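Comments concern the structure below.
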Amino acid sequence: MKPAILIDGGIHAREWISPAVVLYIINQLKNNPQQDPAIEKLVDLYDWYFIPVINPDGYVYTYTTDPCWRKNRRQTSSNPVCYGVDLNRNFGYDDKTWDPSVGGSSDPCNYVGYAGTGPFTEEESKAVMKVMNRKGVNFVAYMSFQSYSQIWAYPWGYTQDTLKDAQDLRNAANVGAAAIFSKSKKIYRVNQSALFPEFGLIAGASDDYARGGANIKYSYTIELRDTGEKKFFLPASEITPNGEEILEGVKAFANYIYKPRRKNYYYNKW
Ligand SMILES: *[C@@H]1O[C@H](CO)[C@@H](O)[C@H](O)[C@H]1NC(C)=O
Ligand SMILES: [Zn+2]
């Protein structure tokens, strides 16, 4: 069985650059318009899975009504101002990995961060969880594209405890970030999620679940452009350059973690 890579975007409605960059990657891998042999090789080596817009209702709402909306649009209370759950606080597999009091909120009226009444109360997070655990698919990497900050973060987010193989995840992320830098001179900072001061501790995020709940070794949240100038309102002219640099990052990363000579590497857990 080939190793597989899962890439998603649009978990937060207002992060418009994310679905755009995921679509850019899909087009490059599927059509390979530059006939890049490195892409041809990676398409052969891996099965690729994409979910470009995890949160379609929220995404539409940012177009029609409120460009800063982040949550989904489920009617969680009678007050329409309070609709929605933060899908990236709604993952988890125990009372530490899902915990509204850690970087989230248990108040439905919170504009951001409402974690729901338990893990996977939302159809959207549940659907992603099912893909992560799909039988017969050998996911070795998960990348959740969000924005903004230019960060390539690995678990854990809910605790400062360190993964036993954190160095593997860090090395692979550094390879990706270096490829991004050589493409565009943009700096993406690599670290454990919980160690970024701008995040703090966050429970309920999809990357922690991918790693701890679905056993996907190389699990990441990647925050795209920019570093705080235009924030969620990047001009459209940023889409292609952000896509180009991330494509280089994904290529270098995927190439780096592929270890064909180690027999059964992907079947053994770490
Ligand atoms: C990760 O974050 C910690 C805490 O801010 C910092 O001390 C450390 O230098 C960072 N590591 C890297 C590689 O940036
Ligand atoms: Zn986000």
Side-chain angles (χ1 to χ4, degrees), residues 7-22 51-59 61-62 66-73 84-91 100 102-105 110-116 122 124-125 128 142-163 165-178 180-181 186-210 219-228 230-234 242 246 253:
I7 289 178
D8 71 31
I11 195 167
H12 288 141
R14 64 192 175 185
E15 298 168 4
W16 284 8
I17 189 63
S18 158
V21 163
V22 173
I51 314 174
V53 188
I54 293 181
N55 177 9
D57 295 345
Y59 190 55
Y61 193 70
T62 60
D66 177 359
C68 289
W69 194 255
R70 166 174 159 117
K71 302 186 284 182
N72 72 359
R73 288 296 302 159
V85 169
D86 186 335
L87 299 174
N88 206 36
R89 299 292 181 276
N90 193 239
F91 287 72
V102 177
S105 170
N110 202 305
Y111 188 67
V112 297
Y114 175 50
E122 305 312 295
E124 298 90 340
S125 47
V128 175
Y142 169 68
M143 306 167 109
S144 176
F145 284 103
Q146 303 193 31
S147 77
Y148 54 92
S149 287
Q150 297 173 205
I151 277 173
W152 193 316
Y154 53 87
W156 305 112
Y158 78 99
T159 172
Q160 290 198 347
D161 292 355
T162 310
L163 284 168
D165 58 342
Q167 197 61 51
D168 295 351
L169 278 79
R170 179 196 294 266
N171 290 345
N174 279 332
V175 166
I180 292 172
F181 185 78
K186 295 290 180 193
I187 294 170
Y188 282 63
R189 288 173 292 148
V190 173
N191 213 333
Q192 180 178 338
S193 202
L195 299 181
F196 285 101
E198 53 265 73
F199 292 167
L201 294 184
I202 295 172
S206 65
D207 55 350
D208 277 5
Y209 178 84
S219 172
Y220 300 96
T221 292
I222 299 169
E223 302 282 355
L224 299 164
R225 292 186 187 192
D226 56 13
T227 54
K230 304 260 174 54
K231 301 188 165 69
F232 305 115
F233 305 104
L234 287 181
N242 205 165
I246 292 300
F253 162 78

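Keep in mind that what you see is a predicted model, and the values were worked out from it rather than measured. Order of listing sets the numbers, starting from 1, for every ligand and every atom in it.
Residues satisfying the side chain to side chain donor-acceptor pair (under 3.5 Å) test with E15, not counting sequence neighbours, are H12.
F253 approaches V175 most closely through the heavy-atom pair N-CG1, 4.3 Å. Scanning all heavy atoms of the two residues, the minimum distance from Q160 to A194 falls at NE2-O, 3.7 Å.
Of the candidates D8, L224, I7, I7 is the only one forming a side-chain contact (heavy atoms from CB on, under 4.5 Å) with V22.
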Item to check | Chi angles and distances behind the side chain to side chain donor-acceptor pair (under 3.5 Å) call for R70, Y111 | outcome: CA-CA 8 Å; R70 166 174 159 117; Y111 188 67; over 6 Å; no
Item to check | Intermediate values then yes/no, side chain to side chain donor-acceptor pair (under 3.5 Å), E122 and N90 | outcome: CA-CA 7 Å; E122 305 312 295; N90 193 239; 4.8 Å; no
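With hydrogens and angles ignored, the 3.5 Å screen pairs no side-chain donor or acceptor of T62 with any backbone N or O of R14.
Listed by chain and residue number, the protein N/O/S atoms under 2.8 Å of the Zn ion (ligand 2) are H12 ND1, E15 OE1, E15 OE2, Q146 OE1, with waters left out.
Counting only residues at least two apart or on different chains, no salt bridge (charged side-chain N to carboxylate O under 4.0 Å, His left out) pair has a member in residues 144-161.
Side-chain contact check for Y209 versus V128: every heavy-atom pair is 4.5 Å or farther apart.
Within 4.0 Å of ligand 1, heavy atoms belong to protein residues R170, V190, N191, L195.
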